[in-house]
Protein chains: 2
Amino acid sequence: MAKTNPEIALDSFDLAILTILQNDNATPQRMIGEAVNLSAPAVQRRIKRMEQAGVIQANCAIVDPAKVGQPITIFVEVEVISETAELIDAAKAEFSATPEVQQCYYVTGEADFILVIVAATMADYEALTRRLFFGNSNVKKFRTFFAMDRVKVGLRVPLGDKARAS
Amino acid sequence: MAKTNPEIALDSFDLAILTILQNDNATPQRMIGEAVNLSAPAVQRRIKRMEQAGVIQANCAIVDPAKVGQPITIFVEVEVISETAELIDAAKAEFSATPEVQQCYYVTGEADFILVIVAATMADYEALTRRLFFGNSNVKKFRTFFAMDRVKVGLRVPLGDKARAS
DNA sequence: GCTCCTCACGAAACAAACTTGCAACTCGCG
DNA sequence: CGCGAGTTGCAAGTTTGTTTCGTGAGGAGC
């Protein structure tokens with residue numbers, strides 16, 4: 001796993017570039033350069049620098065789950081019985097290794113984990129619960145929320161309006 | 001807004017391509033072609049077709065929130081008082097228009113909305129709650145979960161192992 | 001059984017984008 | 001005031017994406 005490099009300073013050019021790339025990373029560097037008033041090579045060097053520093057974690061295509069036969073999105077709050085480091089790490093590892101688990105967060109509050117799961121059918125989800133939750137003796141309880149509407153989905157990070165044009 | 005076109009059929013080539021693009025959409029088409037045993041133009045045509053059909057919703061860079069000064073990720077379960085269509089739509093619109101709200105789902109169960117929020121500081125989050133929740137007379141209650149660890153984050157859709165090599 | 005039509009593929013030519021080397025510039029510091 | 005680190009823009013070279021064209025594999029109809 002590519003370890004994330006030391007912190008780097010980001011100026012308003014970088015933030016403006018990131019804002020564009022978060023929308024569409026297929027934007028030509030020349031166009032980005034025009035938008036932020038920089039030459040294409042300068043844009044390219046900044047992008048590479050941010051990728052190496054881990055500011056840009058990945059470049060990926062966003063697929064509509066419903067269009068590929070996975071129309072069900074589910075939230076699950078998981079509460080565990082014993083919160084030792086070993087058991088928590090084991091749970092993290094298992095959730096991470098499960099492809100249907102799109103997102104997994106270890107949280108404070110009334111639950112310990114929050115999962116976002118995509119599934120093709122209710123039967124698939126039920127089978128998954130049997131494996132992940134009923135099959136795990138450390139899971140005390142879990143609560144399920146079915147998504148009726150994916151109102152807003154994304155991983156866009158708000159960067160303020162530090163964009164610069166001059 | 002680009003309306004999503006009629007359904008299209010996806011074969012195992014398409015799924016294999018999607019699997020690659022979900023990992024890294026900067027992969028050259030030639031390399032994708034080698035991986036799935038297709039020529040580069042064929043790959044390119046399939047990608048364009050899936051983009052037009054809405055199977056590929058976006059191509060974007062994933063930014064590490066912590067590296068850009070937004071180290072706090074928060075889950076919020078929101079419960080509303082009145083669930084009329086107008087009020088629900090209004091809530092959806094407001095959440096969608098808020099940049100700090102990374103994700104918003106309208107769900108069944110003990111909550112009505114689940115939000116994923118990124119914030120720079122606790123004070124920022126508190127200000128946001130005042131605006132979004134206390135400032136909205138239709139919000140009955142909301143529960144907050146702070147993420148201690150973003151164990152797994154992504155929007156990758158499991159496509160099974162329909163990938164083909166021959 | 002034959003033909004026509006449609007569709008997707010691959011090879012090659014073409015256009016566009018990315019990448020690198022180099023000289024000049026700015027800024028901070030001794 | 002001069003030096004060094006860092007960044008920029010320009011231009012050339014390379015890789016990649018895109019288009020065009022011809023070919024071959026199914027299906028429908030005669």
Side-chain angles (χ1 to χ4, degrees), chain A residues 2 4-63 67-69 159 162-166, chain B residues 2 4-63 67-69 159 162-166:
Chain A
T4 138
N5 279 8
E7 300 295 321
I8 65 172
L10 302 177
D11 60 14
S12 43
F13 285 114
D14 294 312
L15 295 181
I17 293 171
L18 284 180
T19 301
I20 294 172
L21 291 181
Q22 282 194 107
N23 270 331
D24 180 9
N25 70 0
T27 309
Q29 296 169 352
R30 171 182 52 79
M31 254 181 238
I32 301 174
E34 291 172 7
V36 303
N37 282 88
L38 235 51
S39 69
V43 171
Q44 130 93 356
R45 284 185 282 253
R46 285 168 178 269
I47 292 174
K48 180 189 282 184
R49 190 171 61 104
M50 291 191 284
E51 283 175 348
Q52 288 175 345
V55 177
I56 297 175
Q57 292 185 314
N59 291 289
C60 58
I62 306 300
V63 174
K67 293 275 174 64
V68 292
L159 298 176
K162 308 286 175 45
R164 99 159 28 176
S166 62
Chain B
T4 139
N5 280 7
E7 300 297 321
I8 64 173
L10 301 177
D11 60 15
S12 45
F13 285 114
D14 293 312
L15 295 181
I17 293 171
L18 285 180
T19 301
I20 294 172
L21 291 182
Q22 281 194 109
N23 270 331
D24 181 9
N25 70 0
T27 309
Q29 295 170 351
R30 171 183 50 79
M31 247 180 246
I32 300 174
E34 290 172 7
V36 303
N37 282 87
L38 235 51
S39 68
V43 172
Q44 133 100 343
R45 284 185 284 256
R46 285 167 178 271
I47 292 174
K48 182 188 283 186
R49 189 171 62 104
M50 291 192 283
E51 283 176 347
Q52 288 175 345
V55 177
I56 297 175
Q57 292 185 314
N59 292 288
C60 56
I62 306 301
V63 174
K67 292 276 175 63
V68 292
L159 298 175
K162 310 284 175 45
R164 100 160 29 178
S166 62

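By convention in this document, chain letters (A, B, ...) are assigned in the order of the sequence lines, proteins followed by strands, and residues within each chain are numbered from 1. No hydrogens, no waters, no symmetry mates; every other heavy atom, side chains included, goes into these values.
Taking atom CG of residue N37(A) and atom P of nucleotide dT8(D), one finds them 13 Å apart after rounding to whole Å. Rounded to an integer number of Å, the gap from N25(A) CG to dT16(D) C1' is 15 Å. Rounded to a whole Å, the CD atom of E34(B) is 15 Å from the C1' atom of dG17(D). Distance R30(B) CZ to dT14(D) P: 16 Å, rounded to the nearest Å. Computed from coordinates, the I47(A) CD1 to dC18(C) C1' distance equals 10 Å when rounded to whole Å. Per the geometry, CD1 belonging to I17(A) stands 13 Å off C1' belonging to dT8(D), to the nearest Å. Between the CG atom of D11(B) and the C1' atom of dC7(C) there is a distance of 13 Å, rounded to whole Å. Rounding to whole angstrom units, CG of residue L10(A) and P of dT7(D) are separated by 12 Å.
Note: M50(B) CE to I17(B) CD1 = 5.0 Å, rounded to the nearest 0.5 Å.
For P28(A), counting side-chain heavy atoms from C-beta on, the closest listed nucleotide (dC10(D), dA17(C), dT19(D)) is dA17(C). Closest to the Q29(A) side chain, of the nucleotides dG9(D), dT19(C), dG10(C), is dT19(C). The side chain of Q44(A) lies closest to dT19(C), out of dT19(C), dC9(C), dA11(C).
Each of V55(B), I32(B), D11(B), L18(B) was scored for a side chain to side chain contact (heavy atoms under 4.5 Å, CB included) with R46(B), with one residue passing: D11(B). Of the residues K48(B), R45(B), R49(B), the one that meets the salt bridge (charged side-chain N to carboxylate O under 4.0 Å, His left out) test with D14(B) is R49(B).
One donor-acceptor pair, N or O on each side, does fall under 3.5 Å between the base of dG9(D) and the side chain of R45(A).
Between K48(A) and the phosphate of dT20(C), there is a side-chain N or O to OP1/OP2 separation shorter than 4.0 Å.
Nucleic acid contact for R46(A): sugar-phosphate only, since backbone atoms but no base atoms lie under 4.0 Å from a heavy atom of the residue.
You'll find the side chain of C60(B) stays beyond 4.5 Å of the side chain of N23(A), heavy atoms only.
Side-chain N/O atoms of N25(A) and N59(A) include a donor and acceptor closer than 3.5 Å.
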